[in-house]
Amino acid sequence: MRMSKLFFQTLREAPADADVHSHQLMLRAGLVRQVGAGIFEYLPLGLRVKKKIEAIMREEMDAIDGQEIVMPVVQPASLWKRTGRWYEIGDDLTRLTDRAGRELVLAMTHEEVITELAGGVINSYRQLPVMLYQIQTKFRDEPRPRGGLIRVREFTMKDGYSFHPDIASLDEYYPLVYQAYFNIFGRAGLDVIAVESDTGMMGGTMAHEFMALTDVGEDTLLLCDECGYKANRQVATFVKAAEDEQAGEAPLPLEEVATPDVDTIAALADFLSIPESRTAKALFLVATMEEDGEEKEQFVFVVVRGDMELNETKLTNALKARQLRPAQTEEIRAIGAEPGYGSPVGISRDAVLLVVDDLIPDSPNLVAGANRDGWHLRNVNCDRDYEPDLVVDVVAAADGHPCPICQAPLRAVRGVEVGNIFKLGTKYSQAMDATFLDEDGGSAPMVMGCYGIGSGRLIASAIETNSDDNGIVWPITIAPHQLYLVSLATRRTPEVTEAAERVYRNLQEAGVEVLYDDRDERAGVKFNDADLLGIPIRLTIGARGVKNGVAELKLRSSEEIRELPLDDIVNQIQSVVDAETAAVLARIITEPLL
């Protein structure tokens, strides 16, 4: 491709609203342009990257017997009502009505459609297992799109779905997808780790997320460097224990203490000169629950130790709630509690679900609120002073907490989720009546797995981890072009133009992907654009080099410049391409299933 004909525009400065490095570079390099909040269009160079990534996905899915299909973006609402997700998912799901008044949705995921398809085609166990996948547009009405392609509203996803006769078959297939995902990310030059994760709105019995470690990530991961434990903070656990001085401590009598203007845990610990671990934190929430097929709101009073943070995902799962919201001041006072001075002691229990973290019963004599402005209680003890309805782990693991496996300190890092896999089980097949005849002639629901990778998020993550101050540093396997050919010809050096044109033609005929900078621009402009675009190999043809029969080679990942003979340029470049490709493929890891 000639740069003089390329539809693109580079920017010296990124727009002010581009908040992360990958977003800035993608706009500056002319890979994408933003149409609206969380909605992007791909320009030629960006689309080439996207297509290369999707080609890798196809190859790896085909290698584990995946078969590609395409499902519709617009789907009948009736399918989503059958699984209940029409009612469970809030504003993230875009609902619309056609001219005939039929309710439709813009697909944010495709479980309903694929399950109906499988149920209509698969009749016998002899047709199982089977894996179907697509690379298709989806729409999720994100309330706060951010990070360029990291969190968008419209996106392209490779989503695959496997169907099995039983759990054993799914258990056998799941690790194949797990490794295929490492292959995809490795081939794309992206280092990832797999962590245990929450099944979320997808449901199921097991899930793993593939995370690119970067500070712009929205997820917090807890890692153990000793035993290899890895989990998303949403589900991570840790070894809990009462403080040493609390161990074996006998319950002491309740005692009121005046604490004027002390309405936070930090202020309370400072005022009483005690560690935050000797306090009880009260949290007030309202959960949306389902009862007899109808939604109802349930006031939830949660107690955690003062030095811990509530993990809302754990709480949501423990309650089997659809969603949580903070309680309003009037709702809190209606149960006899006081914001800032809340305690489970003495509240009205008629309409309250009292949940305590499982560390609270082992932590005697905590300081808690007195449900009066400006007062707290010393020596509050669970089971003596109040009876919980539910005792369960609802706190978030944090940096330094003991690993649940080996008790070594956990390490907290940030990550971007670039892929996920789920064991869905029969959640959707039962709801959609997707059954088959088993070996005994009986009817059974198909057991399902689900596997997703976002194309755009993978691109953004690859840039976040493969870039510098000058621009992108593409892995050669997903770069828009393999080689950036720079002609330094002027009107007085037609021999340079002739040599550059000959090299361009010969490299193209040899199958090398060349972006040829034949523009009438200064050398500095061309070199700056070469760095910004991040093409892995740069080959420069100049007057001195032509006179000496050489061209200058520079890798984007190195500062070294070396000379290659023009009369053997194709063989030399092919060797460099092969070496760069091999270096990327060497990053593929083989990892047993967590």
Asks: Answer yes when Arg144 and Glu218 have at least one side-chain N-carboxylate O distance shorter than 4.0 Å, and no when they do not.
Replies: no

Asks: To the nearest 0.5 Å, what is the distance between CE on Met1 and CD on Glu513?
Replies: 13.5 Å

Asks: How close do Phe238 and Pro402 get, counting heavy atoms only, and between which atoms?
Replies: CB-O, 3.1 Å

Asks: Quick test of your reading of the model: are Arg58 and Glu68 salt-bridged, counting only N-O distances below 4.0 Å?
Replies: yes

Asks: Is it true that Glu331 and Arg325 make a salt bridge, defined as a side-chain N closer than 4.0 Å to a carboxylate O?
Replies: yes

Asks: Looking at Asp92 and Arg140, would you say the former's side chain and the latter's main chain have a donor-acceptor pair under 3.5 Å?
Replies: no

Asks: Report the distance from atom CD of Glu417 to atom CG of Asn232, rounding to the nearest 0.5 Å.
Replies: 8.0 Å

Asks: Check the surroundings of atom CD in Glu297: do more than 12 heavy atoms from other residues, nucleotides or ligands lie under 6.0 Å from it?
Replies: yes

Asks: Step by step, work out the side-chain hydrogen bond (donor to acceptor under 3.5 Å, both in side chains) result for Arg414 and Thr220.
Replies: CA-CA 5 Å; Arg414 304 291 291 178; Thr220 298; 2.4 Å; yes

Asks: Taking the side chain as everything from C-beta on, heavy atoms only, tell me whether His23 gets closer than 4.5 Å to Arg146.
Replies: no

Asks: Can you check side-chain hydrogen bond (donor to acceptor under 3.5 Å, both in side chains) on Asp159 and Gln134, steps first, answer last?
Replies: CA-CA 6 Å; Asp159 50 329; Gln134 67 171 351; 3.2 Å; yes

Asks: For a 4.5 angstrom cut-off between non-hydrogen side-chain atoms, does Leu6 reach Leu515?
Replies: yes

Asks: What I'd like to find out is whether the side chain of Phe210 reaches to under 4.5 Å of the side chain of Ile184, using heavy atoms alone.
Replies: no

Asks: Short question: side chain of Asn311, backbone of Gln234 - any donor-acceptor pair under 3.5 Å?
Replies: yes

Asks: Identify the two heavy atoms, one from Ile122 and one from Phe163, that lie closest to each other, and give their separation to 0.1 Å.
Replies: CD1-CB, 4.4 Å

Asks: Strictly distance-based, threshold 3.5 Å: is any side-chain N or O of Asp440 a donor or acceptor partner for the main-chain N or O of Gly442?
Replies: no

Asks: Would Ile89 and Met108 count as a side chain to side chain contact (heavy atoms under 4.5 Å, CB included) if you check the C-alpha gap in whole Å, the side-chain angles of each, and the deciding distance to 0.1 Å?
Replies: CA-CA 11 Å; Ile89 300 175; Met108 59 194 297; 4.1 Å; yes

Asks: Looking at CG of Asn466 and CD1 of Ile472, how far apart are the two atoms once the value is rounded to the nearest 0.5 Å?
Replies: 10.0 Å

Asks: Under a 4.5 Å cut-off applied to non-hydrogen side-chain atoms, are Asp393 and Asp357 in contact?
Replies: yes

Asks: Under 6.0 Å from the CG atom of Asp91, do we count more than 12 heavy atoms belonging to anything else shown?
Replies: no

Asks: Would Arg233 and Glu309 satisfy side chain to side chain contact (heavy atoms under 4.5 Å, CB included), going step by step from the backbone distance to the final call?
Replies: CA-CA 11 Å; Arg233 189 172 189 249; Glu309 296 295 328; 4.2 Å; yes

Asks: Do you know the tightest heavy-atom contact between Met71 and Gln136?
Replies: O-NE2, 2.6 Å

Asks: Tell me whether Arg48 contacts the main-chain N or O of Pro480 through its side chain, where contact means a donor paired with an acceptor under 3.5 Å.
Replies: yes

Asks: Compare all side-chain heavy atoms of Leu27 with those of Val32 and state whether any distance is below 4.5 angstrom.
Replies: yes

Asks: In sequence, state the C-alpha distance, the side-chain angles, and the governing distance for Leu310 and Leu285, and then conclude on side chain to side chain contact (heavy atoms under 4.5 Å, CB included).
Replies: CA-CA 11 Å; Leu310 175 66; Leu285 300 148; 3.7 Å; yes

Asks: So which heavy atom on Met289 is nearest to which on Ala321, and how close?
Replies: SD-CB, 3.7 Å

Asks: On a heavy-atom basis, which atom in Val352 and which in Asp389 lie closest, and how many Å separate them?
Replies: O-OD2, 3.5 Å

Asks: Sub-3.5 Å donor-acceptor pair from the side chain of His21 to the main-chain atoms of Thr465, do we have one?
Replies: no

Asks: Is it true that, when you exclude Lys51 itself, more than 12 heavy atoms of the residues, nucleotides or ligands shown sit nearer than 6.0 Å to its NZ?
Replies: no

Asks: Ignoring hydrogens and geometry, is there a side-chain-to-backbone donor-acceptor pair from Glu112 to Arg82 under 3.5 Å?
Replies: no

Asks: Report yes or no: do Glu295 and Thr288 form a side-chain donor-acceptor pair below 3.5 Å?
Replies: no

Asks: Determine yes or no for a side-chain-to-main-chain donor-acceptor pair under 3.5 angstrom, with Tyr451 supplying the side chain and Tyr181 the backbone.
Replies: no

Asks: Taking CZ in Arg95 as the centre, count heavy atoms belonging to other residues, nucleotides or ligands within less than 6.0 Å. Is the count above 12?
Replies: yes

Asks: If you count heavy atoms of other groups shown closer than 6.0 angstrom to CD of Gln407, is the number above 12?
Replies: no

Asks: For the residue pair Gln179 and Thr590, establish whether any side-chain heavy-atom pair is separated by less than 4.5 Å.
Replies: yes

Asks: Should Asp219 and Val416 count as side-chain neighbours, where that means a heavy-atom distance under 4.5 Å?
Replies: no

Asks: CD of Glu226: more than 12 outside heavy atoms within 6.0 angstrom?
Replies: no

Asks: Ring pair (Phe, Tyr, Trp, His ring centres under 6.0 Å) for Tyr161 and Tyr133? Distances and angles first, verdict last.
Replies: CA-CA 6 Å; Tyr161 302 89; Tyr133 74 93; over 10 Å; no

Asks: In Å, rounded to the nearest 0.5 Å, how long is the span from NZ of Lys52 to CH2 of Trp474?
Replies: 10.0 Å

Asks: Evaluate the criterion side chain to side chain contact (heavy atoms under 4.5 Å, CB included) for residue pair Asp191 and Leu213; output intermediate values, then yes/no.
Replies: CA-CA 8 Å; Asp191 296 326; Leu213 301 186; over 6 Å; no

Asks: Checking side-chain polar atoms at under 3.5 Å, does Glu196 have a donor or acceptor matched by the opposite partner on Tyr229?
Replies: no

Asks: Would a 4.5 Å heavy-atom cut-off, applied to side chains only, mark Leu390 and Leu319 as touching?
Replies: yes

Asks: Tell me if the CG atom of Asp215 is crowded by more than 12 foreign heavy atoms within 6.0 Å.
Replies: no

Asks: Between Glu111 and Arg85, is the closest basic N to carboxylate O distance under 4.0 Å?
Replies: yes

Asks: With no hydrogens and no angle check, is any side-chain donor or acceptor of Glu116 less than 3.5 Å from a backbone partner on Val113?
Replies: no

Asks: Once you measure the plane-to-plane angle for Phe284 and Phe299, does it fall in the parallel (<30°), tilted (30-60°) or perpendicular (>60°) bin?
Replies: tilted

Asks: Flag the pair Tyr174 / His164 as yes when their ring centroid distance falls below 6.0 Å, and as no otherwise.
Replies: no

Asks: Do you know the tightest heavy-atom contact between Trp80 and Thr83?
Replies: O-OG1, 3.2 Å

Asks: To the closest 0.5 Å, what do you measure between OG1 (Thr109) and CZ (Phe139)?
Replies: 15.0 Å

Asks: If you measure from CG on Leu47 to CD on Glu54, what distance do you get to the nearest 0.5 Å?
Replies: 8.0 Å

Asks: One thing to verify: whether Glu60 and Lys158 come together as a salt bridge, which I'm taking to mean a side-chain N less than 4.0 angstrom from a carboxylate O.
Replies: no

Asks: Measure from the side-chain N and O atoms of Arg187 to the backbone N and O of Ile588, and report whether any donor-acceptor pair falls under 3.5 Å.
Replies: no

